[in-house]
Amino acid sequence: MLDQRLVRENPDLIARELGRRGLEVDLTGLQLMAQQQRNLEEQRSSLQAEGNRIGKEVGVRIKAGADPKGEEVAALRQQGNAIKHKVAVLEDEEKQLQGRLREQLLTLPNLPSPDCPDGSDETENQEVRRWGTPRRGDGLQEHWAIADRLGLLDTERSVRIAQSRFVTLFGQGARLERALINCMLDLHTNKGYREVLPPVLVNSASLTGSGQLPKFAEESFRCADDDLWLTPTAEVPVTSLHRDEIIAADQLPLRYVAYSPCFRREAGSYGRDTRGLIRLHQFNKVELYWFAHPDHSEEAHAQITADAEAVLQALELPYRVLDLCTGDLGFSARRTYDLEVWLAGAGAYREISSCSVCGDFQARRSSIRTKEGKTTRLLHTLNGSGLAIGRTMAALLENGQQEDGSVLLPEALRPYFGSDRLRPE
RNA sequence: GGAGAGGUGGCCGAGUGGUCGAAGGCGCAGCACUGGAAAUGCUGUAUAGGGGCAACUCUAUCGAGGGUUCGAAUCCCUCCCUCUCCGCCA
């Protein structure tokens with residue numbers, strides 16, 4: 001959420017920065033509301049001050065011996081009552097206004113970082129660097145074909161169990177998924193990340209806190225009878241881990257690594273990536289998350305990205321890093337580096353991780369602050385996939401496929417998987 | 001799901017209508033004492049919003065929301081949460 005004060009005092013800045021995202025917003029209405037809200041607050045609180053004064057005076061006079069039923073007290077009472085009614089009216093108006101203002105503010109995305117490259121869509125994302133040598137060649141299979149051949153998964157039975165875009169893993173496939181989760185968690189915890197296994201059902205406040213609500217309700221699965229949703233990413237529960245908290249500055253950064261299944265409705269993506277492990281309603285992910293000191297979130301962004309890259313390097317998967325342009329930036333992000341892994345079968349890079357710095361955007365929505373001496377400020381949050389498990393498996397299958405039909409696994413994964421390769425059964 | 005108890009500041013804990021943002025303790029910070037530390041003493045120590053260059057000041061907040069009252073941490077209603085016992089259960 002954007003700072004209400006900024007809306008009041010510098011709406012032009014907001015309009016300009018949101019313009020970089022390709023959004024045309026007229027903030028005069030919002031500014032007016034914010035100003036009016038403050039006027040109401042001023043009126044209300046000075047009336048309340050007067051009311052408090054009268055209330056105290058009644059107490060003082062009665063204690064001093066005034067007749068509680070006498071004229072003197074009755075007059076004060078009447079004054080008090082008059083003020084009370086005025087306050088009630090103002091308060092009501094103010095509350096409504098504040099509600100409408102907040103509602104609208106919650107739908108505005110974060111302002112992009114000054115360093116974020118300008119651009120209108122993903123074609124203008126900027127490649128920052130590449131790592132590894134992409135494997136190319138004729139006859140390289142795509143991962144679903146390999147998975148099918150090796151009996152790693154079953155999509156048709158998954159439709160019977162759930163519906164399309166779900167997958168059931170079997171045998172070596174299930175084992176590989178488990179190996180990847182453990183491998184990644186170990187990699188990150190060895191670097192000092194604190195492992196956390198959060199609830200998968202999250203309430204509306206949590207989704208609002210990290211930015212999925214109110215705007216993206218149709219992206220998540222909702223439980224009909226409860227205020228609970230299936231989490232679309234561990235970013236949601238982990239953000240709310242410290243909702244409404246004040247964290248001492250010397251404890252920052254708090255770095256978490258959370259494994260969780262993720263659930264997404266993928267509305268509006270029918271027909272895209274319908275085969276394989278790329279786009280599913282349910283997938284596993286290991287997520288990195290930082291609660292960072294507001295003065296050091298840029299370094300933190302570089303670090304969290306490096307920590308995500310380290311997984312790809314450990315798994316010997318070639319990738320490239322994209323600096324997302326303003327037009328492709330996610331709702332809560334100020335700046336994002338996407339990691340795209342090479343898929344040898346598809347012959348293309350595909351997103352496997354997204355590392356974002358959100359500034360104080362989520363912290364304001366979630367009220368997460370840090371205290372240093374006497375000053376309390378909103379802290380900064382960052383998140384990065386480290387990594388999406390299903391897509392990692394896809395990359396391993398495509399990049400590790402061998403002539404004999406087996407799939408060779410990277411060294412780092414072998415102890416977890418218990419073998420150096422997947423073999424035809 | 002049934003019965004009961006309870007939710008007060010970073011923590012513990014007092015406070016059943018009046019000047020209470022809240023005693024006391026712990027913790028923490030600063031100062032004094034010390035060669036240094038401990039112990040001790042003194043002082044300070046919530047959050048948000050508004051006004052002010054600032055010192056400072058006003059308002060709100062004692063689980064949440066409503067109500068009674070000139071005045072609510074305290075009384076009433078609704079909801080949420082926690083704990084204990086019973087039932088059910090991986």
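Letters A, B, ... mirror the listed sequences (proteins, then strands); counts begin at 1. Heavy-atom basis, side chains included; hydrogens, waters and symmetry copies ignored. What you see is a predicted model; the values in this text were computed from it and never measured.
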Legend entry - Nearest-Å distance once atom P is located in both G21(B) and U59(B): 10 Å

Legend entry - Interatomic distance where CD belongs to Q35(A) and P belongs to G49(B) [whole Å]: 18 Å

Legend entry - d(CD, E91(A); P, A60(B)) in whole Å: 9 Å

Legend entry - Opposite nucleotide pairing with C83(B), Watson-Crick or G-U, both atom distances under 3.5 Å: G4(B)

Inset, instruction - In whole angstrom, give me the gap between the P atoms of A38(B) and G30(B). - result: 11 Å

Inset, instruction - Determine the Euclidean distance between corresponding C1' atoms of A22(B) and G9(B); express it in Å to zero decimal places. - result: 9 Å

Inset, instruction - Look through every strand shown and name the nucleotide pairing with C26(B) as Watson-Crick or G-U wobble, where both distances are under 3.5 Å. - result: G10(B)

Inset, instruction - Give a yes or no on this: more than 12 heavy atoms of other residues, nucleotides or ligands lie within 6.0 Å of atom CZ of R279(A). - result: yes

Inset, instruction - Report which part of the nucleic acid T376(A) touches: base, sugar-phosphate, or nothing (heavy-atom distance under 4.0 Å, all strands). - result: sugar-phosphate

Legend entry - Below 4.0 Å: OP1/OP2 of A48(B) and any side-chain N or O of R369(A): yes

Inset, instruction - Please determine, for the side chain of R5(A), which listed nucleotide (C70(B), G50(B), A48(B)) has the closest atom? - result: G50(B)

Inset, instruction - Any strand is fair game: report the nucleotide pairing with A60(B) by Watson-Crick or G-U wobble, both distances under 3.5 Å, or none. - result: U47(B)

Inset, instruction - May I ask you to say whether E91(A) pairs ionically with K95(A), meaning some side-chain N is under 4.0 Å from a carboxylate O? - result: no

Inset, instruction - Look at K84(A) and U68(B) and indicate whether a side-chain polar atom (N or O) is within less than 4.0 Å of OP1 or OP2. - result: no

Inset, instruction - Check whether any side-chain nitrogen or oxygen of R38(A) sits under 4.0 Å from OP1 or OP2 of G51(B), and answer yes or no. - result: yes

Inset, instruction - Nearest whole angstrom, please: distance from the C1' of G10(B) to the CG of D244(A). - result: 16 Å

Legend entry - Q98(A) atom CD: more than 12 heavy-atom contacts under 6.0 Å: yes

Legend entry - P gap between G66(B) and A60(B), integer Å: 14 Å

Check: protein-nucleotides 16-19 of chain B nitrogen or oxygen pairs below 3.5 Å:
residue : atom : partner : partner atom : Å
G18(B)  : N2   : G55(A)  : O            : 2.5

Inset, instruction - Quote, to the nearest angstrom, the C1' distance that separates C77(B) from U19(B). - result: 29 Å

Legend entry - Salt-bridge present (K285(A), E287(A); N to O < 4.0 Å): yes

Legend entry - Atom pair distance, as rounded to whole Å: CZ in R243(A) and P in A48(B): 17 Å

Legend entry - Pairwise P distance, C26(B) and G18(B) [rounded to whole Å]: 29 Å

Inset, instruction - Check every atom of G51(B), G66(B), U59(B) against the side chain of E42(A) and return the nucleotide holding the closest atom. - result: G51(B)

Inset, instruction - Find the distance between OG (S356(A)) and CZ (R334(A)) and round it off to the nearest 0.5 Å. - result: 12.0 Å

Legend entry - OP1 or OP2 of C70(B) under 4.0 Å from side-chain N/O of R61(A): no

Legend entry - G18(B): pairing nucleotide in any strand, Watson-Crick or G-U under 3.5 angstrom: C70(B)

Legend entry - Length of the CG-P vector between L47(A) and G50(B), whole Å: 19 Å

Inset, instruction - From the options C70(B), A60(B), G51(B), select the nucleotide whose nearest atom is closest to the side chain of N52(A). - result: A60(B)

Legend entry - G-U wobble or Watson-Crick pairing nucleotide for A37(B) (cut-off 3.5 Å, both distances): none

Inset, instruction - Counting Watson-Crick and G-U wobble pairs only, both distances under 3.5 Å, name the nucleotide matched with A90(B), or none. - result: none

Legend entry - Nearest-nucleotide pick for E41(A), side chain only, options being C70(B), A48(B), G49(B): G49(B)

Inset, instruction - Rounded to whole angstrom, note down the C1' distance from U16(B) over to C75(B). - result: 8 Å

Legend entry - Whole-Å gap separating P (C70(B)) and CD (E71(A)): 17 Å

Inset, instruction - Report the residue (K95(A) or R8(A)) whose heavy-atom-nearest nucleotide on RNA chain B is the more 5′ of the two. - result: R8(A)

Inset, instruction - Kindly assign one of parallel, tilted or perpendicular to the pair Y256(A) and H242(A), based on the angle between their ring planes and the thresholds 30° and 60°. - result: tilted

Legend entry - Between G67(B) (C1') and N81(A) (CG): distance, integer Å: 14 Å

Inset, instruction - For U68(B) and C53(B), measure between their P atoms and round to the nearest Å. - result: 40 Å

Inset, instruction - Could you please name the option among U59(B), G50(B), U47(B) that lies closest to any side-chain atom of S45(A)? - result: U59(B)

Inset, instruction - Determine the interplanar angle of the H301(A) and Y337(A) rings, folded into 0 to 90°, and report it as parallel if under 30°, tilted if 30 to 60°, perpendicular if over 60°. - result: parallel

Legend entry - 5′-ward residue of the pair Q48(A)/V73(A) relative to RNA chain B: Q48(A)

Legend entry - Note, F263(A) side chain near F283(A) side chain (heavy atom, < 4.5 Å): no

Inset, instruction - Compare side-chain N and O positions of R377(A) against OP1 and OP2 of U47(B) and report whether any pair is under 4.0 Å apart. - result: no

Inset, instruction - Kindly point out which of U47(B), G49(B), U59(B) is positioned nearest to the side chain of K371(A)? - result: U47(B)

Legend entry - E372(A) CD - A29(B) C1' separation (whole Å): 15 Å

Inset, instruction - Evaluate the ring planes of Y193(A) and H188(A), with Trp represented by its six-membered ring, and classify them as parallel (under 30°), tilted (30 to 60°) or perpendicular (over 60°). - result: perpendicular

Legend entry - Side chain R255(A), main chain K191(A), donor-acceptor under 3.5 Å: yes

